[in-house]
Amino acid sequence: VERIVLVDPRSVYAASKAAQEHLTAAWARQTGGAVVALRYHNVYGPGMPRDTPYSGVAAIFRSALEAGRAPRVFEDGGQRRDFVHVRDVAAANLAALDATGTGTGWRAYNVASGRPVTIVEVATELARAADGPPPVVTGEFRLGDVRHVVASPTRAETELGFRAAVGLTEGIAEFAHAPLRG
């Protein structure tokens, strides 16, 4: 019995991610190929691009702090997200490469720390580590944003042997002074 799952993306970004997964799953079924889909959560760390809305909220905060501005936190700052350091993302990619030789089909894995935090906590920690101005909670919002985005990394740990190792405090302290890409 096949299970039907309703997918209702709330933004163009979310729709593009769902489309990628549907296309790769169809390809795997049709060809007998193997696809490992990695669902990256809020990635941060050295080398993130500066001043772009597509780099993630941590890099947006970092860009503001580098320019001497306070990080601007939308809504009330209580939105919860799972932040994962770029070194952990690299480790997850290597684990996925090792897994692709083990069979066929399609399988998705969350690349996440499993330790969600609020957006205002991240902004506050980053501002403190960068010796910058404290965040400003604006009350503004972006259409299509979801209140909480958290994930279980259990499947990635069980099947790929991946577990995020960089803690948020350690990662943010490094990120606060790391170079950004232009």
Side-chain angles (χ1 to χ4, degrees), residues 1-63 74-75 78-119 122 141-168 171 175 180-181:
V1 176
E2 193 167 325
R3 186 175 69 143
I4 297 175
V5 177
L6 174 64
V7 176
D8 185 19
R10 303 296 175 151
S11 67
V12 173
Y13 175 79
S16 72
K17 294 300 179 187
Q20 290 169 8
E21 290 194 359
H22 289 148
L23 286 168
T24 57
W27 175 85
R29 274 192 303 278
Q30 187 171 3
T31 66
V35 173
V36 173
L38 298 179
R39 295 173 174 166
Y40 304 129
H41 283 258
N42 286 70
V43 179
Y44 72 98
M48 298 295 295
R50 75 176 75 245
D51 300 320
T52 171
Y54 303 105
S55 61
V57 70
I60 292 169
F61 292 162
R62 174 68 173 71
S63 291
F74 285 5
E75 297 182 31
Q79 314 88 296
R80 294 172 63 77
R81 298 289 187 272
D82 191 316
F83 287 83
V84 61
H85 194 276
V86 69
R87 281 196 308 272
D88 287 325
V89 170
N93 279 284
L94 292 174
L97 285 171
D98 288 342
T100 57
T102 61
T104 62
W106 186 92
R107 197 75 164 146
Y109 299 93
N110 293 320
V111 178
S113 70
R115 298 176 298 273
V117 295
T118 65
I119 297 296
V122 170
F141 66 93
R142 292 186 316 180
L143 196 59
D145 268 359
V146 178
R147 178 73 175 161
H148 304 298
V149 180
V150 299
S152 170
T154 302
R155 181 185 291 171
E157 183 174 358
T158 302
E159 296 180 15
L160 301 179
F162 165 73
R163 182 183 186 114
V166 180
L168 187 68
F175 183 49
L180 300 174
R181 278 190 288 125

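These figures come from a predicted structure and were not determined experimentally.
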Next on the checklist: Please determine whether side chain to side chain contact (heavy atoms under 4.5 Å, CB included) holds for the pair Val57 and Phe74, giving the CA-CA distance in whole Å, both sets of side-chain angles, and the decisive distance to 0.1 Å.
Outcome noted: CA-CA 10 Å; Val57 70; Phe74 285 5; over 6 Å; no
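- Under a 3.5 Å cut-off, the side chain of Arg155 and the backbone N or O of Ala108 do form a donor-acceptor pair.
- To the nearest 0.5 Å, atom OG1 of residue Thr24 and atom CZ of residue Arg29 are 9.0 Å apart.
- At least one donor-acceptor pair under 3.5 Å links the side chain of Asp88 to the backbone N or O of Ala165.
- In Arg163, the CZ atom is not crowded: 12 or fewer heavy atoms of neighbouring residues, nucleotides or ligands sit closer than 6.0 Å.
- Of the inter-residue distances, the one linking Leu143 atom CG with Arg10 atom CZ reads 10.5 Å to the nearest 0.5 angstrom.
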Item to check | Stepwise ring-ring contact (aromatic ring centres under 6.0 Å, His included) test for His41 and Phe83 | outcome: CA-CA 6 Å; His41 283 258; Phe83 287 83; over 10 Å; no
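- One distance of note links CD of Glu75 with OG1 of Thr118; it measures 12.0 Å at 0.5 Å rounding.
- Atom OH of Tyr109 and atom OG1 of Thr158 lie 9.5 Å apart (nearest 0.5 Å).
- For the pair Gly45 and Val86, the tightest heavy-atom approach, listed with the atom from each and the gap, is CA-CG1, 4.0 Å.
- Minimum heavy-atom separation, Arg181 to Gly47: NE-O, 2.8 Å.
- No side-chain heavy atom of Phe162 sits under 4.5 Å from any side-chain heavy atom of Asp98.
- Across all non-hydrogen atoms, the minimal contact from Pro116 to Val150 is CB-CG1, 3.3 Å.
- Separation of atoms CG (Leu38) and CG (Leu160) is listed at 7.5 Å; rounding is to 0.5 Å.
- The shortest heavy-atom contact between Phe175 and Met48 is CE1-CG, 3.9 Å.
- Considering only heavy atoms from C-beta on, Leu168 stays 4.5 Å or farther from Arg115 through its side chain.
- A 6.0 Å sphere centred on CZ of Arg142 holds no more than 12 heavy atoms belonging to other residues, nucleotides or ligands.
- For the residue pair His148 and Arg81, the shortest heavy atom distance occurs at CA-NH1, 3.6 Å.
- Nearest heavy atom pair, residue Val84 against residue Val111, reads CG1-O, 3.6 Å.
- Atom CH2 in Trp106 sits 7.5 Å away from atom NE2 in His22 (nearest 0.5 Å).
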